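The structure appears right after this line, and notes come after that.
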Amino acid sequence: MTGPKPYCGNELEYFARAHHWKAYFRDQIASFVGGRVLEVGAGLGATTAALSVLPHDAWVCLEPDAEMAASLQTQAISRALPPAEMRHGTLAALAAAERFETILYMDVLEHIEEDGAELARAAGHLALGGHLVVLSPAHSHLYSSFDRAIGHYRRYDRASLLAVAPNGLELVRLAYLDSVGMLASLANRWLLKKDLPSAADIALWNGVMVPLSRWLDPLFGYRLGKSILGVWRKPPSREPQEGGNTVSP
């Protein structure tokens, strides 16, 4: 996993306060999270706080940035975050035999240059019957200077996300989320042409657009959205099951 590129401004802090958005994708992945959980790229810990309320046995945060990893450790000691084990490093730091029932890449995979190799390594640490969950920005045509500034190598669509999926896992969910946010992004690209969102922009998106998307996304069949969610399952037997690549919205 490559080291994160520097963030411009306070965008990471702004998005950390996007509680409606985090609650939305938490509800979308709740049925796939459990057991021993590995959160890759835990960042400032906001996603950890939002998701670790889901039932689980143990939560491990893996963060490649030294300063963020130290901050996570400080928050864990002070109990500013729910109980979790904080680790500095990448998947390479894991013991070869270490396994997890859930591995999460929440707005992280787009920061990793060799994304296919990363997910293949993650699949090797997935327990039988466990789930690999990826949430990332969607649509390459929405890639902007903001994406570049915060270290995104790419945005994904259904085809490109499926192309980097690990062999031997069953696809169980592939969906777009945040239809209203996508329409707003298109409007900005065509009309406003703002390079970077402000704190007010993010507050408007989180407070108004995300709740609207929660209502509209099912009506669109989860086929329209600014983010894409992919969930894969490692078959409970060691041999991949035939006909397992089913997709549900």
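It should be emphasised that the depicted structure is a prediction, and the values quoted were computed from it without experimental measurement.
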Does a side-chain heavy-atom distance below 4.5 Å link [X] with [Y]?
X    : Y    : result
D147 : Y153 : no
L132 : P166 : yes
Q28  : L177 : yes
V210 : L212 : no
Y222 : R173 : yes
L119 : L169 : no
L51  : V33  : no
L91  : L62  : yes

Nearest 0.5 Å please: distance from the [atom1] atom of [X] over to the [atom2] atom of [Y].
X    : Y    : atom1 : atom2 : answer
F220 : W215 : CZ    : CH2   : 9.0 Å
S144 : I150 : OG    : CD1   : 7.5 Å
T102 : D57  : OG1   : CG    : 9.5 Å
C61  : L38  : SG    : CG    : 8.5 Å
F32  : R233 : CZ    : CZ    : 10.5 Å
L109 : S136 : CG    : OG    : 5.0 Å

Can you sort out the partners of [X] under side-chain contact (heavy atoms from CB on, under 4.5 Å), two or more places apart, ordered by chain and number?
X    : result
A58  : R36
L204 : V208, M209
N206 : A18, H20, W21
H139 : H141, L142, Y176, M182

Can you list everything that forms a side-chain hydrogen bond (donor to acceptor under 3.5 Å, both in side chains) with [X]? Sequence neighbours excluded, please.
X    : value
E85  : R87
W205 : D178
S160 : D157
Q73  : none

Start with the C-alpha gap between V40 and I103, add the side-chain angles, then the distance that decides, and say whether side chain to side chain contact (heavy atoms under 4.5 Å, CB included) holds. CA-CA 7 Å; V40 180; I103 300 181; 4.1 Å; yes
Within the side chain of [X], is there an N or O that forms a donor-acceptor pair under 3.5 Å with the backbone of [Y]?
X    : Y    : result
R26  : V53  : no
K234 : H131 : no
R155 : H152 : no
S179 : L216 : no
H88  : P64  : yes

Please evaluate residues R223 and D217 with respect to the criterion side chain to side chain contact (heavy atoms under 4.5 Å, CB included), reporting the C-alpha separation (whole Å), side-chain torsions for both, the decisive distance (0.1 Å), and the verdict. CA-CA 8 Å; R223 292 180 174 86; D217 287 355; over 6 Å; no
Pair R154 + D115, salt bridge at N-O below 4.0 Å: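 So R154 pairs with D115 through a salt bridge.
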Of all the heavy-atom pairs spanning [X] and [Y], show the shortest one and how long it is.
X    : Y    : result
I228 : P137 : CG2-O, 4.3 Å
E67  : D65  : N-OD2, 3.2 Å
A138 : G225 : CB-O, 3.8 Å
A127 : E101 : CB-OE2, 3.6 Å
H125 : R121 : CD2-O, 3.3 Å
P235 : L128 : O-CD2, 3.6 Å

How does the hydrophobic cluster around L81 look, that is, which other residues are in it when side-chain heavy atoms under 4.5 Å mark a link?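 Cluster partners of L81: L72, M86.
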ring-ring contact (aromatic ring centres under 6.0 Å, His included): which pairs involve residues 40-69, sequence neighbours left out?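 Matches after skipping sequence neighbours: H56-W59.
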With F100, which residues qualify under ring pair (Phe, Tyr, Trp, His ring centres under 6.0 Å), at least two apart?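 So F100 forms no ring pair (Phe, Tyr, Trp, His ring centres under 6.0 Å) with any residue.
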Report all side-chain donor-acceptor pairs from residues 41-49 shorter than 3.5 Å, counting only partners two or more places apart or in another chain.
{"unit_1": "T47", "atom_1": "OG1", "unit_2": "K22", "atom_2": "NZ", "d": "3.1"}
{"unit_1": "T48", "atom_1": "OG1", "unit_2": "E39", "atom_2": "OE1", "d": "2.6"}
{"unit_1": "T48", "atom_1": "OG1", "unit_2": "E39", "atom_2": "OE2", "d": "3.3"}

Derivation and outcome, side chain to side chain contact (heavy atoms under 4.5 Å, CB included), residues V134 and W232: CA-CA 9 Å; V134 175; W232 291 265; 4.0 Å; yes
Please lay out, stage by stage, how L229 and L174 fare under the test side chain to side chain contact (heavy atoms under 4.5 Å, CB included). CA-CA 6 Å; L229 172 67; L174 189 62; over 6 Å; no
